[in-house]
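The chains referred to below are lettered A, B, ... by the order of the sequence lines, with proteins before strands, and numbering in each begins at 1.
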There are 2 protein chains.
Amino acid sequence: MQPVGSPAPSESRSDDLAAWGSVRDRLRERGLRWTPQRRALVAVLSQTRGHVTGADLVERCREQDPSTIPSTVYRTLDVLEELGIVRHGHGPDGREEYHVLPDAEHGHLHCRDCGAAWEITAEEGASIVATLEAARGFAVDLSHVTIVGRCRACR
Amino acid sequence: MQPVGSPAPSESRSDDLAAWGSVRDRLRERGLRWTPQRRALVAVLSQTRGHVTGADLVERCREQDPSTIPSTVYRTLDVLEELGIVRHGHGPDGREEYHVLPDAEHGHLHCRDCGAAWEITAEEGASIVATLEAARGFAVDLSHVTIVGRCRACR
DNA sequence: GTTTCTGCAAATCATTTGCACCTGA
DNA sequence: TCAGGTGCAAATGATTTGCAGAAAC
């Protein structure tokens with residue numbers, strides 16, 4: 001299993017270009033605009049796998065275009081979240097964290113020592129969900145779950 | 001099961017007075033001082049069950065003594081955490097959150113709708129720990145686990 | 001021509017830090 | 001005495017907001 005998110009280098013997602021291409025139309029369907037700034041953020045997101053903080057995204061956008069304004073990025077993230085294109089949760093440090101194109105609901109594992117992060121697989125997640133569902137009828141929102149601990153390598 | 005923390009009214013913990021009384025000595029053993037400000041925070045903590053944010057504690061201290069200074073509270077919390085008297089994690093909103101006198105390592109459940117919070121029981125926690133341990137050798141730090149979802153009542 | 005954005009600057013807000021003065025042991 | 005603490009004020013740093021002008025459709 002590969003770590004995801006900031007500790008690991010981002011990988012391109014050319015296989016998802018079709019999905020990203022539809023963003024423009026999805027915006028328009030709702031009477032929203034397809035602006036250069038939004039295009040830029042979507043371009044950055046399309047190169048991103050796993051999860052990133054808002055500040056990360058601001059920085060990556062700024063690498064492409066130094067004139068990027070943070071508030072625009074955050075506002076665009078809000079819009080993209082409404083479209084279901086990103087989703088936000090919280091990292092182990094309590095920092096806001098966005099994850100991209102949630103193919104499936106998943107939580108995150110975060111190693112306290114090396115800082116690497118992994119996605120919790122569907123099976124692992126199912127076990128957690130089932131436990132709390134059975135014990136007290138609690139409906140877990142897996143996409144907000146972040147579990148901290150130490151990974152195999154660091155133990 | 002009763003909700004814990006801010007959404008529920010705090011209950012006194014007179015049964016733990018002995019444990020709180022030892023704080024003074026525990027500080028002195030390390031060459032640290034027992035000051036009025038620390039006494040005040042410990043008094044507030046002894047009236048607290050479950051988890052609270054740092055800002056909450058500052059406010060509660062200020063109710064007792066309006067001259068309370070936030071930085072002193074935070075610094076004292078750091079010290080108390082080193083003594084193992086409180087422990088900090090993060091709430092579903094990413095806010096710093098302290099929990100008090102962790103009798104046992106436990107995580108938290110947080111209802112997205114009503115905002116109530118519960119402790120994850122030892123058995124439930126064990127199930128989660130075991131799942132991730134078996135699947136990938138990951139050592140979960142239960143005290144940092146906060147799971148968001150919807151409680152039975154809100155579904 | 002509207003309605004939605006953007007840029008900018010200023011505001012939040014919990015938490016942290018630097019530093020000179022105070023105080024508990 | 002003197003290391004450890006406190007008060008105060010200013011710094012942080014991510015995220016948000018108000019608003020006037022700019023751009024998309």
Whole-Å distance between [N] [atom2] and [X] [atom1]?
{"X": "B:Y98", "N": "C:dA14", "atom1": "OH", "atom2": "P", "value": "14 Å"}
{"X": "B:R39", "N": "D:dT6", "atom1": "CZ", "atom2": "P", "value": "12 Å"}
{"X": "A:Y74", "N": "C:dT12", "atom1": "OH", "atom2": "C1'", "value": "14 Å"}
{"X": "B:E59", "N": "C:dA14", "atom1": "CD", "atom2": "C1'", "value": "13 Å"}
{"X": "B:R30", "N": "D:dA3", "atom1": "CZ", "atom2": "P", "value": "20 Å"}
{"X": "A:E81", "N": "D:dT15", "atom1": "CD", "atom2": "C1'", "value": "14 Å"}
{"X": "A:D56", "N": "D:dG13", "atom1": "CG", "atom2": "P", "value": "15 Å"}
{"X": "B:R38", "N": "D:dG5", "atom1": "CZ", "atom2": "C1'", "value": "6 Å"}

Could you list the residues that satisfy side chain to side chain donor-acceptor pair (under 3.5 Å) with [X], not counting sequence neighbours?
{"X": "A:Q64", "answer": "none"}
{"X": "B:E82", "answer": "none"}
{"X": "B:D65", "answer": "B:S67"}
{"X": "A:R150", "answer": "A:D113"}

Computed from five pairs at either end and rounded to 10 degrees, the angle between the axes of the helix from C:dG1-D:dC25 to C:dA25-D:dT1 is 30°

- Report yes or no: does B:R38 contribute a side-chain atom to a donor-acceptor pair with the main-chain N or O of B:R33 at less than 3.5 Å? yes

Answer yes or no: is there a donor N or O on one side and an acceptor on the other, between the side chain of A:R26 and the main chain of A:L83, under 3.5 Å?
yes

In numerical order, the residues of residues 63-72 of chain A whose heavy atoms come under 4.0 Å of DNA chain D are A:S71

Can you list everything that forms a side chain to side chain contact (heavy atoms under 4.5 Å, CB included) with [X]? Sequence neighbours excluded, please.
{"X": "A:I69", "result": "A:S71, A:T72"}
{"X": "B:R24", "result": "B:R28, B:W34"}
{"X": "B:R62", "result": "B:V58, B:T68, B:P70"}
{"X": "A:R152", "result": "B:R136"}

Between the protein and nucleotides 22-25 of chain D, list every N/O to N/O distance that falls short of 3.5 Å.
residue	atom	partner	partner atom	Å
D:dA24	N3	A:R33	NH1	3.0
D:dC25	OP1	A:R28	NE	3.0
D:dC25	OP1	A:R28	NH2	3.0
D:dC25	OP1	A:W34	N	3.2
D:dC25	OP2	A:R28	NH2	3.3

| said: Could you go through B:E97 and B:H88, starting from their C-alpha distance and side-chain angles, then the distance that decides it, and tell me whether this counts as side chain to side chain donor-acceptor pair (under 3.5 Å)? | reply: CA-CA 5 Å; B:E97 205 159 72; B:H88 85 287; over 6 Å; no

Would one find a side-chain N or O of B:Q37 under 4.0 angstrom from OP1 or OP2 of C:dT23?
no

Exercise for review: Using only heavy-atom distances, decide whether a donor-acceptor pair under 3.5 angstrom links the side-chain of B:R75 to the base of D:dG7.
Suggested key: yes

